[in-house]
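Beneath this line is the structure, given in structure tokens, with notes to follow.
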Amino acid sequence: MSLQDKLAEKIEAWRPRTTKLLKEHGDAKVGEITIAQAIGGMRGVKCLVTDISYLDPNEGIRFRGYTIPETLEQLPKVPGAEMPYVEGHTWLLLTGEVPSKKDVEELAGEFRKRSEVPKYVFNMLRAMSPDTHPMTMFSAAILALQCDSVFVKQYQEGIDRYDYWKPTLEDALNLWAKLPQLGAFIYRLKYKGDKQIKPDPKLDFGGNFAHMMGIDKPYDDVARLYFILHSDHESGNVSAHTGHLIASALSDVYYASSGLIDGLAGPLHGLANQEVLRWIQGVMEQMGGKIPTEEEMKQFVWDTLNSGQVIPGFGHAVLRKTDPRYMEQRNFCLKHLPDDPIFKYVDMLFKVVPPILQEQGKAKNPWPNVDAQSGVIQWYYGLTEYDFYTVLFGIGRILGVVSNIVWDRALGYPIERPKSVTTAMLEEVAGAK
Ligand code: CMX
């Protein structure tokens with residue numbers, strides 16, 4: 001069965017659940033909002049719905065009910081590789097079902113058919129300032145593709161709103177298929193003198209990305225693991241929420257994806273993976289390359305905190321334990337690069353940072369998040385240009401957020417419009433006037 005047919009079946013079965021909740025139970029309360037939540041970035045306010053992933057504070061992410069190890073275990077593997085097809089993970093996110101090998105091969109074929117990036121995108125990227133950050137280039141490249149939106153065309157032709165998800169899925173497949181080449185092109189344009197490597201039509205999403213980056217095996221598996229781990233983290237994080245918000249105005253997935261990349265580019269969110277490496281490089285320089293003792297490392301951590309900065313790669317708005325995405329990458333490092341000097345730094349930070357953050361007493365979660373570990377793997381396989389790391393996060397994240405947007409359209413989620421209040425109103429509620 002094609003992905004489109006499988007989704008049509010799932011959506012038909014799901015719609016009555018949402019309709020019933022709205023019609024018969026629309027007044028039931030999900031929670032209440034405090035002043036701290038209204039001022040404090042809406043932490044914990046339950047006002048978004050997604051069935052694609054769920055983030056439990058103490059357990060971490062589950063994709064369609066599966067933990068990360070279960071996801072990696074069950075999805076069909078690329079022949080000769082340790083890691084599954086990224087295409088198969090996308091199928092799981094969209095449909096909630098683990099695909100068969102045949103399903104994945106068909107979807108990989110769909111991706112291949114749609115993967116050619118138009119020349120004008122390359123021309124535009126080449127015309128940008130050489131100082132442009134790779135995330136800016138990535139966002140601009142996605143936006144440049146917007147003129148090909150199938151959704152916009154069908155919307156203008158007057159398509160039935162119940163069918164909006166169909167051209168949205170078309171746009172999604174067209175965009176997803178181009179992400180490996182967009183990413184690799186930006187990398188080689190910026191850091192490899194624009195010596196581009198042509199895609200290999202025989203390869204899968206992750207394999208082709210590694211090939212176009214010009215990095216040998218097992219980097220193909222690193223890429224697959226990376227894209228899967230970063231794909232989705234429920235709906236409230238900045239990148240996912242931005243994507244959902246933009247799409248709620250019926251802006252197409254190109255607008256939504258370009259916007260979510262802009263949110264991911266912030267140092268408190270996806271850019272933290274670049275910041276971790278930048279921070280470690282600073283420590284290494286001061287140490288003249290030698291591994292610091294635990295005492296020396298503790299001092300570096302305190303110096304950073306005392307100068308009013310955050311320790312990148314630690315803390316989380318929802319998680320209250322070590323991020324399982326961190327652990328999966330740590331296990332990869334222990335298996336493939338246990339003696340790498342940067343891994344030794346990261347490993348030492350794993351020991352020294354949490355007790356210091358606990359002692360400082362500010363961060364609600366002193367444990368490492370996904371970004372603390374990801375750069376070390378990239379560096380080990382030769383991708384030392386750490387400004388590029390967040391693009392890798394972005395490629396993965398677009399798979400998850402856009403899957404959510406397809407479902408937003410299918411279930412008819414309306415335009416987002418929360419209500420603001422004034423400070424005086426809050427003072428009145430609090431009796432603080
Ligand atoms: N280092 C130092 N201080 C930290 C900290 C860290 N890693 N994490 C949190 N804090 C501080 C906050 O800055 C805040 O201080 P103020 O009260 O002075 O403003 C206080 O602890 C309370 O913050 P919190 O409620 O624990 O955390 P938030 O939900 O507000 O923020 C996050 C979450 C991720 C932005 C924060 O932990 C942080 O800045 N971490 C470092 C950057 C990072 O790794 N980001 C990547 C997160 C994962 C991702 O999205 O990619």
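Both counts, for ligands and for their atoms, begin at 1 and track the order of listing.
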In this structure, which one of Phe209, Phe138, Phe111 forms a side-chain contact (heavy atoms from CB on, under 4.5 Å) with Leu179?
Phe138
Name all residues meeting the side-chain hydrogen bond (donor to acceptor under 3.5 Å, both in side chains) criterion together with Gln360; count only those two or more places apart in sequence or in a different chain, and write none if there are none.
none
Looking at Tyr226, does the NZ or CZ of Arg325 lie under 6.0 angstrom from its six-membered ring centre and within 45 degrees of the ring axis?
no
Below 3.5 Å only, please: the N or O atoms of ligand 1 paired with protein N or O atoms, distance on each line.
{"unit_1": "ligand 1", "atom_1": "1 (N)", "unit_2": "Ile311", "atom_2": "N", "d": "2.9"}
{"unit_1": "ligand 1", "atom_1": "7 (N)", "unit_2": "Ile311", "atom_2": "O", "d": "2.9"}
{"unit_1": "ligand 1", "atom_1": "7 (N)", "unit_2": "Phe314", "atom_2": "O", "d": "2.8"}
{"unit_1": "ligand 1", "atom_1": "18 (O)", "unit_2": "Lys362", "atom_2": "NZ", "d": "3.0"}
{"unit_1": "ligand 1", "atom_1": "21 (O)", "unit_2": "Ala363", "atom_2": "N", "d": "3.3"}
{"unit_1": "ligand 1", "atom_1": "25 (O)", "unit_2": "Lys364", "atom_2": "NZ", "d": "2.8"}
{"unit_1": "ligand 1", "atom_1": "26 (O)", "unit_2": "Lys364", "atom_2": "N", "d": "2.7"}
{"unit_1": "ligand 1", "atom_1": "29 (O)", "unit_2": "Arg43", "atom_2": "NE", "d": "2.9"}
{"unit_1": "ligand 1", "atom_1": "29 (O)", "unit_2": "Arg43", "atom_2": "NH2", "d": "3.3"}
{"unit_1": "ligand 1", "atom_1": "30 (O)", "unit_2": "Arg43", "atom_2": "NH2", "d": "3.2"}
{"unit_1": "ligand 1", "atom_1": "40 (N)", "unit_2": "Phe314", "atom_2": "O", "d": "2.8"}
{"unit_1": "ligand 1", "atom_1": "44 (O)", "unit_2": "Gly313", "atom_2": "N", "d": "2.7"}
{"unit_1": "ligand 1", "atom_1": "44 (O)", "unit_2": "Asn369", "atom_2": "ND2", "d": "3.0"}
{"unit_1": "ligand 1", "atom_1": "45 (N)", "unit_2": "Leu268", "atom_2": "O", "d": "2.8"}
{"unit_1": "ligand 1", "atom_1": "50 (O)", "unit_2": "His269", "atom_2": "ND1", "d": "2.6"}
{"unit_1": "ligand 1", "atom_1": "51 (O)", "unit_2": "His269", "atom_2": "O", "d": "3.3"}
{"unit_1": "ligand 1", "atom_1": "51 (O)", "unit_2": "Asp371", "atom_2": "OD2", "d": "2.5"}

Qualifying side-chain hydrogen bond (donor to acceptor under 3.5 Å, both in side chains) pairs with a residue from residues 42-53, counting only residues at least two apart or across chains:
Thr50-Asn404, Ser53-Asp232
Donor + acceptor pair across side chains of Thr71, His89 (<3.5 Å)
no
Pairing residues for Lys298 by the side-chain hydrogen bond (donor to acceptor under 3.5 Å, both in side chains) criterion, not counting sequence neighbours
Glu295
